[in-house]
Amino acid sequence: MTLKTMKFMLAVVLLTAGFSTTSTVNSEPVIPNPVLYLTGTEAYQPNGKNFIRYKYDVLNKDQYPAEMFAAAPNLPPCGKNTKASRTWVDFFDSRGKRLYGFCALGKPADLGTIWFALEEGVVPPSYVYIEMNDRQTNTKYKSNLADTTN
């Protein structure tokens with residue numbers, strides 16, 4: 001992570017420290033909005049097509065309870081996956097267009113390996129954000145806008 005990125009992330013954390021989508025009830029911990037940042041890009045070739053994968057991490061992923069990512073067979077499936085996780089994570093461009101999503105992250109640490117991909121040659125949006133949708137509590141957590149370039 002560059003010094004510029006670290007300073008930016010610190011500023012985001014300080015600015016968002018007092019804001020949250022949920023409140024405390026009966027001493028339950030406050031669950032913060034995710035702080036998203038780009039970790040890098042990589043080229044890859046599924047089925048003979050060239051893509052660029054934009055890889056991200058959530059700086060405060062350790063502040064999410066493991067239960068948020070537990071299998072939730074009592075909730076609607078994700079396609080044929082009947083044991084999709086309780087919380088789904090979706091990438092959006094800055095205008096709100098969905099780019100990609102994850103419905104089977106198994107633990108908060110998996111937020112360190114999220115990504116979206118575009119075909120090689122496609123100009124990425126300048127900024128993206130994620131929404132984490134806790135389907136059990138019907139609560140959404142929206143991240144900051146994160147760069148698509150280092």
Side-chain angles (χ1 to χ4, degrees), residues 1-23 29-65 67-72 75-81 84-150:
M1 189 177 336
T2 67
L3 182 59
K4 178 182 166 191
T5 302
M6 289 174 58
K7 286 181 180 179
F8 173 76
M9 297 311 301
L10 179 59
V12 170
V13 169
L14 292 174
L15 286 172
T16 61
F19 301 100
S20 177
T21 317
T22 60
S23 62
V30 174
I31 299 174
N33 287 320
V35 178
L36 184 70
Y37 69 97
L38 178 71
T39 60
T41 59
E42 70 179 358
Y44 76 110
Q45 289 185 315
N47 303 320
K49 282 189 159 187
N50 295 326
F51 285 85
I52 302 296
R53 181 178 285 151
Y54 297 83
K55 303 185 306 182
Y56 288 83
D57 191 357
V58 173
L59 184 68
N60 56 341
K61 62 186 169 285
D62 60 336
Q63 295 180 21
Y64 295 99
E67 301 81 45
M68 284 182 66
F69 298 93
L75 295 172
C78 179
K80 293 182 180 184
N81 182 353
S85 61
R86 174 178 138 182
T87 300
W88 292 2
V89 177
D90 291 300
F91 273 95
F92 296 90
D93 70 14
S94 60
R95 295 181 181 173
K97 178 185 172 195
R98 185 178 179 275
L99 301 170
Y100 195 65
F102 295 86
C103 61
L105 298 178
K107 57 190 177 299
D110 292 343
L111 290 167
T113 61
I114 57 177
W115 54 272
F116 73 92
L118 298 171
E119 273 196 70
E120 190 174 63
V122 173
V123 176
S126 296
Y127 300 96
V128 296
Y129 66 92
I130 60 168
E131 280 186 1
M132 294 173 40
N133 180 15
D134 183 338
R135 301 181 307 137
Q136 183 171 301
T137 64
N138 199 28
T139 306
K140 288 189 179 183
Y141 304 91
K142 185 177 177 180
S143 77
N144 57 295
L145 289 172
D147 286 322
T148 56
T149 59
N150 284 331

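Predicted, not measured: the structure shown is a model, and the values here were computed from it. Computed from heavy atoms alone, side chains included, the values below leave out hydrogens, waters and symmetry copies.
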Side-chain heavy atoms of V35 within contact of N144, under 4.5 Å: yes
Distance in Å, D90 CG paired with F102 CZ, rounded so as to fall on 0.5 Å steps: 9.5 Å
Distance (rounded to the nearest 0.5 Å) between N60 CG and D57 CG: 9.5 Å
Neighbour count above 12 (heavy atom, 6.0 Å) for D62 CG: yes
T148, T113, L111, T39 screened by side chain to side chain contact (heavy atoms under 4.5 Å, CB included) with Y56, the one that passes: T148
Option from I130, V58, I31 for which side chain to side chain contact (heavy atoms under 4.5 Å, CB included) with Y141 holds: I31
Whether T87 side chain and M68 backbone form a donor-acceptor pair below 3.5 Å: yes
Spacing of CD belonging to Q45 relative to CZ belonging to F51, to within rounding of 0.5 Å: 10.5 Å
Stepwise salt bridge (charged side-chain N to carboxylate O under 4.0 Å, His left out) test for R86 and E67: CA-CA 8 Å; R86 174 178 138 182; E67 301 81 45; 5.9 Å; no
Backbone N/O of P77 and side chain of N81: donor-acceptor pair under 3.5 Å: no
S143 side chain to L36 backbone, donor-acceptor under 3.5 Å: no
Distance-minimising heavy-atom pair for Y127 and L145: CB-CB, 4.0 Å
Any donor-acceptor N/O pair, D93 side chain to K97 backbone, under 3.5 Å: yes
Residue pair E131, K142: steps toward the salt bridge (charged side-chain N to carboxylate O under 4.0 Å, His left out) verdict: CA-CA 4 Å; E131 280 186 1; K142 185 177 177 180; 5.1 Å; no
Y100 vs F116, ring-ring contact (aromatic ring centres under 6.0 Å, His included): CA-CA, chis, key distance, verdict: CA-CA 6 Å; Y100 195 65; F116 73 92; 8.5 Å; no
Check: F91 ring centre within less than 6.0 Å of Y54 ring centre: no
Test item: D110 side-chain N/O and K107 main-chain N/O as donor-acceptor pair under 3.5 Å: yes
Which atom of C78 lies closest to which atom of W88, heavy atoms considered: CB-CZ2, 3.6 Å
Distance (rounded to the nearest 0.5 Å) between L99 CG and L118 CG: 6.5 Å
Y129 OH: over 12 foreign heavy atoms closer than 6.0 Å: yes
Value rounded to 0.5 Å, distance of CE in M132 from OG1 in T139: 10.5 Å
Separation of S85 OG from Q136 CD (nearest 0.5 Å): 11.5 Å
Ring-face cation of R98 near F92 (centre distance under 6.0 Å, axis angle within 45°): no
Nearest heavy-atom neighbours spanning Y64 and P108: O-CG, 3.2 Å
